[in-house]
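Before any comments, here is the structure.
Keep in mind that the numbers below use all heavy atoms, side chains included, and drop hydrogens, waters and symmetry copies.
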Amino acid sequence: MLIRSAAVIIGALALAGADTPSIAIHINQLGFEPDSPKRAIVADPATAPLPWRLLDARGETVAKGSTLVTGDDAASGDHVHQIEFGQTTAPGDYRLQVGDNVSHPFPIERNIYAPLKYAALNYFYQTRAGIAIDARDAGGDRWARAAGHPKEVAPCFSGMDEQRNDWPGCDYSLDVTGGWYDAGDQGKYVVNGGIALWTLQNLYEREAASGASSPFADGKVKLPEAGNGVNDLLDEARWEMRFLLEMQVPEGKHVKVPVGPQARGAKLVFTDVDASGMAHHKVADRIWTPLPTIPADDPQPRLLYPPSTAATLNLAATAAQCARIWKTIDPAFSARCLKASVRAFRAALRNPEIYAPNSFTGSGGYGDTNLADEFYWAAAELFVTTGANAYRDAVTHMAPFAASISEPGWANTAALGTITLATIPNTLSAKELASQRALIVAAADRFLAEEQNSGYHIPFGGTAYSWGSNSVLLNRAMILAIANHITDGARYRDGVVDAMDYILGRNPLNQSYITGFGTDPMRNPHHRFWAHSLDPKLPSPPPGVLSGGPNSTAMTDDVARTMKGKCAPQRCWRDNIQAFTMNEVAINWNAPLVWVSSYLDEPRQGRAESEPRR
């Protein structure tokens with residue numbers, strides 16, 4: 001596809017008679033499915049509609065019309081117009097023209113998202129810890145590397161943290177080899193691993209329930225486990241699940257930790273607790289390693305950081321999900337997951353207020369002091385897996401905390417529990433099931449309503465673009481996709497397309513935020529191995545890696561600081577390896593990319609064509 005796209009670009013430039021295509025017309029650079037909605041955004045100060053033409057590969061006009069003026073857009077700083085050309089369904093290569101401006105060329109063709117879903121999933125193999133990354137499975141010699149942390153037996157952190165708190169440590173070490181590196185650094189975090197793992201496991205459950213043959217069936221994905229008779233999506237998920245299981249505190253172990261909310265900057269007060277069954281929050285380097293650092297060359301001591309209630313509930317939730325998925329595939333592994341889940345949930349009930357402090361260097365904090373959503377999520381997963389009344393009662397008791405859901409995130413997990421209750425077979429009554437599904441549809445309706453406040457017509461109408469804003473949009477797209485499944489309302493699928501259009505180029509920067517896809521893909525993520533811009537001997541990133549995207553709220557890296565107060569929210573981004581607040585990559589960002597691109601690649605037999613928006 002990449003070679004084909006390059007040929008299309010060269011041909012289109014010759015037809016346009018220009019050295020480079022204009023960027024005034026913003027469009028999905030990957031292209032469109034024939035039966036998909038098709039929308040472009042034009043940034044132009046004109047207050048009257050502008051004539052547009054759709055040109056085929058021969059330069060002939062196949063459709064035309066006038067733009068819809070939507071006006072000034074605070075998120076982008078642009079004055080914008082919309083073009084809709086969904087009536088064009090014939091496969092082929094096209095360009096849009098408005099006045100002298102010509103868009104990037106783009107195809108209309110079926111299965112356009114198939115390569116993306118496989119590349120996005122391959123990201124997880126490439127970021128595995130504890131195993132050598134093989135050129136055959138990674139896509140080429142440049143991405144092959146020696147195993148990072150191949151025998152990771154880590155002791156607990158002890159000594160002074162950044163705020164001069166003296167941590168006592170613990171009397172054990174754990175073998176936590178494996179799992180996924182979280183992001184551009186080489187830390188491994190249970191809360192980020194939890195939501196990423198849940199997303200891949202949920203995709204498996206969704207596809208298994210459809211009854212269709214899985215595009216991730218054994219051998220469909222390049223993995224060392226290929227040929228083992230297990231769905232490749234599950235092979236990848238299991239790599240992380242085993243790591244999370246190893247992060248669980250052994251029985252009979254007491255750990256001194258701070259309990260309850262802590263005043264910012266105050267000295268921590270340590271209390272001895274029975275930590276049996278809890279999960280350590282993370283394993284990471286003692287101090288930050290520089291860019292670049294190949295995982296196998298990491299010189300820093302690897303340490304377990306204190307257990308937290310949040311990490312414990314992430315383990316409980318994902319292990320319960322694991323138990324039902326693997327029940328007939330690998331009963332022994334299923335039983336191990338269920339035992340760990342039950343232990344973790346009991347440990348969280350026993351220690352409900354052990355929060356992760358943000359006082360260590362060398363790794364992200366991932367602190368969260370509102371854990372009602374994690375308790376709800378874990379109880380929901382255990383209830384669906386076991387049917388036990390105790391978990392049903394826990395879900396009912398905590399339901400007010402999930403009375404309204406939004407897009408999921410590592411610190412906002414209520415939606416995960418609601419999705420499981422609404423879509424995975426369980427013993428809820430018909431009324432209770434309808435209530436859970438209504439929560440999803442209500443959230444999806446709110447997201448679609450926000451499109452009316454978005455100049456670039458995406459299901460996010462605000463102007464506060466957070467760290468990882470692209471994942472916010474993709475997680476909203478996942479909610480929209482589930483609403484489409486529940487209601488068969490095509491407008492929800494159209495909203496998913498809008499979100500992906502933005503990610504793939506229909507944004508004010510004319511930027512594809514996914515490596516290897518589109519005419520102007522992201523190339524220089526904040527990453528210690530994919531660091532070609534710093535060391536020519538190291539590779540650029542492989543295809544299918546998602547940038548965190550514009551960030552207007554936490555501009556703390558050196559690149560972002562120079563832009564603070566000078567960029568519209570959707571323009572607060574640079575393709576720079578040093579821009580970690582804007583251009584980092586992460587497992588919990590790539591997971592919804594896998595989910596959403598897989599959804600968009602699903603067959604749509606029997607589905608209605610796109611319907612008008614309400």
Looking at side-chain heavy atoms only, is the closest gap between K117 and L593 below 4.5 Å? no

For the pair D520 (side chain) and G518 (backbone), establish whether a donor and an acceptor sit closer than 3.5 Å, ignoring hydrogens and angles. no

Would you indicate whether the side-chain heavy atoms of M500 and S597 approach each other to under 4.5 Å? yes

Just so I know, are the side chains of V594 and F124 near enough to count as touching, which here means a heavy-atom distance under 4.5 Å? yes

Any side-chain donor paired with an acceptor under 3.5 Å for N228 and D235? yes

Do T127 and I587 touch side chain to side chain, with heavy atoms closer than 4.5 Å? yes

I83 and R39, any side-chain heavy atoms less than 4.5 Å apart: no

Yes or no on salt bridge (Lys or Arg N to Asp or Glu O under 4.0 Å) for R128 and E225, after CA distance, side-chain angles and deciding distance? CA-CA 13 Å; R128 284 187 186 187; E225 296 87 356; 2.9 Å; yes

Between F32 and Y94, is the gap from one ring center to the other below 6.0 Å? no

Hey, is the main chain of L338 close enough, under 3.5 Å, to the side chain of S341 for a donor-acceptor pair? no

Is a side-chain N or O of H104 found less than 3.5 angstrom from the main chain of Q29, in a donor-acceptor match? no

Taking atom CZ as the centre, does R523 end up with more than 12 heavy-atom neighbours from other residues, nucleotides or ligands that are less than 6.0 angstrom away? yes

Step-by-step salt bridge (Lys or Arg N to Asp or Glu O under 4.0 Å) determination, K188 to D182: CA-CA 5 Å; K188 299 187 295 187; D182 175 67; over 6 Å; no

Distance (rounded to the nearest 0.5 Å) between I131 CD1 and Y125 OH: 5.5 Å

Looking at side-chain heavy atoms only, is the closest gap between I482 and W595 below 4.5 Å? yes

Would you say the side-chain atoms of D330 pair up with the backbone N or O of F333, donor to acceptor, closer than 3.5 Å? yes

